[in-house]
Amino acid sequence: MCGRFVFAFSKDELENISGTKRWLNAEKYHTSYNVAPSAYVPIVRTFTPEQQVKEQVEELKVKEEPQEQDEKVANKPFDAKRVLHVMKWGLQPFWSRSVSNTAKTCVNARSETLLEKNMFRVPLKAGGRGVLIVNGFYEWKKDAEEKRKNPYFISVENGPLYMAVVYDLSKEKSSKEGQFTIITVDASPCVAWLHDRMPALLEPNQLDVWLDTKKFSLEEALTLLRPLEGNLKVQQASRRVNSVRNDGAELISYKRTREETDRSTSQSSIENFFSSSSRNKCTKGNDMKE
DNA sequence: CCAGACGTTGTT
DNA sequence: GTCTGG
DNA sequence: CCAGACGTTGTT
DNA sequence: GTCTGG
């Protein structure tokens, strides 16, 4: 599953990765090494013609920017119709806006049931396919005594992770705020020992199919939602991640205590697991010492 | 027809 | 809004 | 996802 | 136990 992640890209970095310099709701942009549900983060999405009408005011703002933008965007593999739209993590049912909420907001959506569930199918049919670009995400596993929840940070060695999301703008009407939920799939072998589910991660060359809702059908796009086949790096993270009040780059790495460092001459059960079952497919993060 | 639910995760 | 159950 | 709160009355 | 807030 995915209930916490790291988003630490500067606006420049994100613009380079996503291939657009167009923003919506940019004033809510912020970075965090401990992003929790209900936080605002940028989602890459495509303008649909209807949305363009709605968002004309924003369009004008964009055009005031230097022209070199158009040139740069044109050089990217994808078109200039993308936008970095800062939205709230957590999808409220589109039918109950400020009514007595029986249905709760959802931070995850199972890929297998996207079409069965109204809550996700309706926004998807409206073209609500987006991508969340992150540095990595966290998963928790209870320790042997089932007492503590230990966090792990999952990432790839070079480059960001691209999570497939469903977004919904129906609540916003004239406003520019949206909401999104992260799609989940079965866990890749690399992380299956941690959790049975994880976010649906896209390869860079799949982004265009997922994002271009005009060119590529929903049916076609859904075939992309499979466990990632590439290498994922898993490293133990600081338990300070558990509290959403904590933030900082140091959260993604675990610092051993002196006793643990001394004891580490004998392999831990996790290291045993890595050396036996998942061997060459996974990357083990180096634990940092004090 | 109307009434009522509508989600995922993890844990038991 | 839309589907399910009765 | 985890952490932390979880209530009403009456008084200031 | 369950809901809310972050």
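Both backbone and side-chain heavy atoms feed into the values below; hydrogens, waters and symmetry mates do not. To find a chain, count down the sequence lines: A is the first, B the second, and so on, and within it residues start at 1.
- For Arg4(A), the side-chain hydrogen bond (donor to acceptor under 3.5 Å, both in side chains) partners two or more places apart in sequence, or in a different chain, are Asn34(A).
- Each salt bridge (charged side-chain N to carboxylate O under 4.0 Å, His left out) pair with one or both residues in residues 150-160 of chain A, not counting sequence neighbours, would appear here, but there are none.
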| Using Watson-Crick and G-U wobble pairs with both distances under 3.5 Å, what is the 5'-to-3' dot-bracket string of DNA chain D, with [ ] for crossing pairs and | for pairs outside the strand? | ||||||......
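- Residue Tyr152(A) contributes atom OH, which lies 13 Å from atom P of dC2(D) at whole-angstrom precision.
- Annotation: side-chain hydrogen bond (donor to acceptor under 3.5 Å, both in side chains) contacts of Glu250(A) (sequence neighbours excluded): Arg240(A).
- Leu251(A) places its CG atom 19 Å from the P atom of dC1(D), with the value rounded to the nearest Å.
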| request: Using a 4.0 Å heavy-atom cut-off, write out nucleotides 6-12 of chain B from 5' to 3' as B (base contacted by protein), S (sugar-phosphate only) or - (no contact). | output: BBSSSS-
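- Remark: Arg226(A) pairs with Glu229(A) by the salt bridge (Lys or Arg N to Asp or Glu O under 4.0 Å) rule, at least two apart or across chains.
- Among pairs with a residue in residues 114-147 of chain A, those fulfilling ring-ring contact (aromatic ring centres under 6.0 Å, His included) read Tyr138(A)-Phe153(A), at least two apart in sequence or across chains.
- Atom-to-atom, CD of Gln92(A) to P of dG1(C) comes out at 16 Å; the value is rounded to the nearest Å.
- Every side-chain hydrogen bond (donor to acceptor under 3.5 Å, both in side chains) that Lys28(A) has, sequence neighbours left out, goes to Glu177(A).
- Evaluation of atom-type donor-acceptor distances gives no pair under 3.5 Å for the side chain of Ser38(A) against the base of dG5(E).
- Pairs of residues two or more places apart, or lying in two chains, that qualify as salt bridge (charged side-chain N to carboxylate O under 4.0 Å, His left out) and include a residue from residues 105-128 of chain A are Arg110(A)-Glu112(A), Glu112(A)-Arg197(A).
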